[in-house]
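All values derive from a computational prediction rather than experimental measurement.
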Amino acid sequence: MEPRPSYDEYFMEMAHVVAKRSTCLRRRVGAILVKEKHILSTGYNGAPKGLRHCSETGCLREDQNIPSGERHELCRGLHAEQNAIIQAAVFGVSIKGSVLYCTNTPCVVCVKMLINAGVTEIIYAGEYPDELAKQLMSESTLKIKRFK
């Protein structure tokens, strides 16, 4: 019998499964908001509901050779963390005091949203190249932990 996974292993594995729904051509990201060991919301990166996906339209950032972590406003998609926050809001679920499990560290836009939404901890698997995001996380009360 396989050993039972820890909660961090359990939720991080789920974040990786959620990322499989991503329609981004550059990076598949999954995010899960958890409170008291219960999933509140999930999100993956992709175009807004009802709009064509990047797999259909192509990637403007790729076409313009924009490095990862820069010029977020040129992407037609939402980030996984943004979609998890929005999904919670749509269904009236408070994420205050929750933990974010994410396949990558959040960008600066997502970090600001997570701070203001009252998320208390970010557990991530991979790095995202955004120095301002790292600076804001270090200035905040957010607990940050790399999943190993």
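- Note on Val90 and Val119: same hydrophobic cluster, where clusters join Ile, Leu, Val, Met, Phe, Trp and Tyr whose side-chain heavy atoms are under 4.5 Å apart, directly or indirectly.
- Closest approach of Pro106 to Ala133, counting heavy atoms only: O-CB, 3.5 Å.
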Stepwise side-chain hydrogen bond (donor to acceptor under 3.5 Å, both in side chains) check, Arg26 with Ser68: CA-CA 9 Å; Arg26 296 178 95 181; Ser68 187; over 6 Å; no
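- Considering Ile122, Ile95, Val34 in turn, Ile122 is the only one that fulfils the side chain to side chain contact (heavy atoms under 4.5 Å, CB included) rule with Leu100.
- With rounding to the nearest 0.5 Å, the separation of NE2 in His72 from SG in Cys110 is 8.0 Å.
- Heavy atoms of other residues, nucleotides or ligands lying less than 6.0 angstrom from CD of Glu73 number more than 12.
- Judged by distance alone, with hydrogens and angles left aside, the side-chain atoms of Asp63 form no donor-acceptor pair with the main-chain N or O of Gly58 at under 3.5 Å.
- At least one side-chain heavy atom of Ile123 sits less than 4.5 Å from a side-chain heavy atom of Val99.
- One hydrophobic cluster, built from ILVMFWY side chains closer than 4.5 Å, holds both Val108 and Leu142.
- Side-chain contact check for Arg28 versus His16: every heavy-atom pair is 4.5 Å or farther apart.
- Annotation: the span from Tyr101 atom OH to Glu9 atom CD amounts to 10.5 Å, rounded to 0.5 Å.
- Within the 3.5 Å criterion, the main-chain N or O of Gly30 finds a donor-acceptor partner in the side chain of Thr103.
- Side chains of Glu81 and Met113 form no contact here, defined as non-hydrogen atoms less than 4.5 Å apart.
- Arg61 approaches Arg71 most closely through the heavy-atom pair NE-O, 3.7 Å.
- With hydrogens and angles disregarded, a donor-acceptor distance shorter than 3.5 Å links the side chain of Ser41 to the backbone of Ala84.
- Under a cut-off of 6.0 angstrom, the local environment of CZ in Arg76 is crowded, with over 12 non-hydrogen atoms contributed by other residues, nucleotides or ligands.
- Although no hydrogens or angles enter the test, the distance criterion places no donor-acceptor pair under 3.5 Å between the side chain of Lys35 and the main chain of Gly97.
- With a 6.0 Å radius and a threshold of 12 heavy atoms from other residues, nucleotides or ligands, Glu36 has its CD atom at or below the threshold.
- There is a path of hydrophobic side-chain contacts, each under 4.5 Å, that joins Val93 to Leu114.
- Distance CG/Leu40 to OG/Ser94: 8.0 Å, rounded to 0.5 Å.
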Determine, step by step, whether Asp130 and Thr105 satisfy the side-chain contact (heavy atoms from CB on, under 4.5 Å) criterion, reporting the C-alpha distance in whole Å, the side-chain angles of both residues, the deciding distance to 0.1 Å, and the verdict. CA-CA 9 Å; Asp130 190 327; Thr105 51; over 6 Å; no
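- Using a 4.5 Å heavy-atom cutoff, the side chains of Met12 and Asp8 are not in contact.
- In this structure, CG on Asn83 lies 8.5 Å from NZ on Lys49, to the nearest 0.5 angstrom.
- Relative ring orientation between Tyr7 and Tyr10 is described as perpendicular, the plane-to-plane angle rising above 60° on a 0-90° scale split at 30° and 60°.
- In this structure, Ile115 CD1 and Ser140 OG are separated by 4.0 Å, a value rounded to the nearest 0.5 Å.
- Glu127 has a carboxylate O that lies under 4.0 Å from a charged side-chain N of Arg146, or vice versa, which qualifies the two as a salt bridge.
- Follow the hydrophobic side-chain contacts under 4.5 Å out from Val17 and you never reach Tyr44; the two are in separate clusters.
- Hydrophobic clustering (ILVMFWY, side-chain heavy atoms < 4.5 Å, transitive): Phe11 and Tyr124 are in distinct clusters.
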Give the intermediate values and the outcome of side-chain contact (heavy atoms from CB on, under 4.5 Å) for residues Cys102 and Val29. CA-CA 7 Å; Cys102 197; Val29 180; 3.8 Å; yes
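- Taking a 6.0 Å sphere around CD of Gln87, one finds it holds more than 12 heavy atoms contributed by other residues, nucleotides or ligands.
- Lys134 and Tyr128 make their closest contact through CE-O, 4.0 Å (heavy atoms, listed as atom of the first residue, atom of the second, distance).
- With rounding to the nearest 0.5 angstrom, the CG atom of Leu78 is 10.5 Å from the CD1 atom of Ile85.
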Please determine whether side-chain hydrogen bond (donor to acceptor under 3.5 Å, both in side chains) holds for the pair Glu139 and Gln135, giving the CA-CA distance in whole Å, both sets of side-chain angles, and the decisive distance to 0.1 Å. CA-CA 6 Å; Glu139 291 176 25; Gln135 180 184 337; 3.0 Å; yes
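- The side-chain heavy atoms of Ile39 and Met14, taken from C-beta on, include a pair separated by under 4.5 Å.
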